[in-house]
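So the structure is just underneath, and the comments pick up after that.
Start at 1 with the first residue, then count along the sequence. Indexing begins at 1, ligand by ligand and atom by atom, following the structure's order.
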Amino acid sequence: MTALHVTLLVAGHSSQRERLARRGGSWRSVPFPATVALIEHPTGTVLYDTGYAHRYVDATRPMPERLYSWLIPGVISPGESAVEQLAARGVDASAVSTIVLSHLHADHSSGVLDFPAARIVAAEGPDGTPGQRARGSLWSTTAHGVLPAMLPEDYAQRRVDPATLPSVETGLLGMGEGYDVMGDGSIVAVPLPGHSPGHLGLWLPATQGPRVLLVGDACWLRAALTGDLPPQQVIATMHDPDAYVRTITALTRLAAARPDILIVPSHCQETVDAARAVLGG
Ligand SMILES: [Zn+2]
């Protein structure tokens, strides 16, 4: 297995009251970076999540999409989208062969349209997402946290159901099996259920430097893994609150047993900064 190089990028951010992210937190706003992992695999470039893109700002002007930006006020600066950051590194959008989406919420999926050659390993969208039978209205799709305008028209054709990929033992305490994304065991999608339907983490057992487990929105802050969970009212808004807590419990045990693994929640500024310092840019 070749050692993979992983770079964490931040493609825009939103902000949330700290109190919503952890019990006992303050009312001040804390940044929620939209993290994108760029993984250079010998057979192609892989992204885990795509962050915000400039189209998010336009797409959330009208109703009902504006409700989404009220809940999650996404901000993206010029040059900050994943495709722009890749170009600045000399990586063409067409080199991205695979995107693994933790889930379809817009702070993770807004950049997908910039990578037309990539297959997309992700959960099926709710009715109303491109390629689905259009039973769902725009309102109900938005209520699921999914903005159909952020997904390509051929989403259903390009989507790879993770369950169709070969199973591989992760070797991670409590995590069981995952899905072998590249067929060589180096990039493994891991079910981390609860936050949203089919939520996926990404286990990278073959990285240069420390091993990395990207956990998306399985928890928002690393503090959740030392007992600082979000308030119960916030957990109740998750897709499957019980599974969400079970996933955090499993990650908490893993973090204690394997301090050598970098566990990176997408929106934890402190962890993302620390991981970037270790992984390099
Ligand atoms: Zn998110």
Side-chain donor-acceptor pairs under 3.5 Å in residues 27-35, sequence neighbours left out?
| unit_1 | atom_1 | unit_2 | atom_2 | d |
| --- | --- | --- | --- | --- |
| Arg28 | NE | Ser26 | OG | 3.4 |
| Thr35 | OG1 | Ser266 | O | 2.6 |

Original post:
Taking the side chain as C-beta and beyond, is there a heavy-atom pair between His195 and His105 under 4.5 Å?
Top reply: yes
Original post:
Is a donor on one side and an acceptor on the other found under 3.5 Å between the side chain of His103 and the backbone of His108?
Top reply: no
Subject >> Heteroatoms of the protein, restricted to N/O/S, which lie under 2.8 Å from the Zn ion (ligand 1) >> reply: Asp107 OD2, His108 NE2, Asp217 OD2, His267 NE2
Subject >> Common cluster, Val96/Leu113, ILVMFWY with side-chain heavy-atom separation under 4.5 Å >> reply: no
Original post:
Is it the case that one hydrophobic cluster holds both Tyr179 and Leu213, taking links as side-chain heavy atoms less than 4.5 Å apart, direct or via other members?
Top reply: no
**OP:** Considering non-hydrogen atoms only, spot the tightest contact between Ala59 and Ala149 and give its length.
**Re:** CB-CB, 4.5 Å
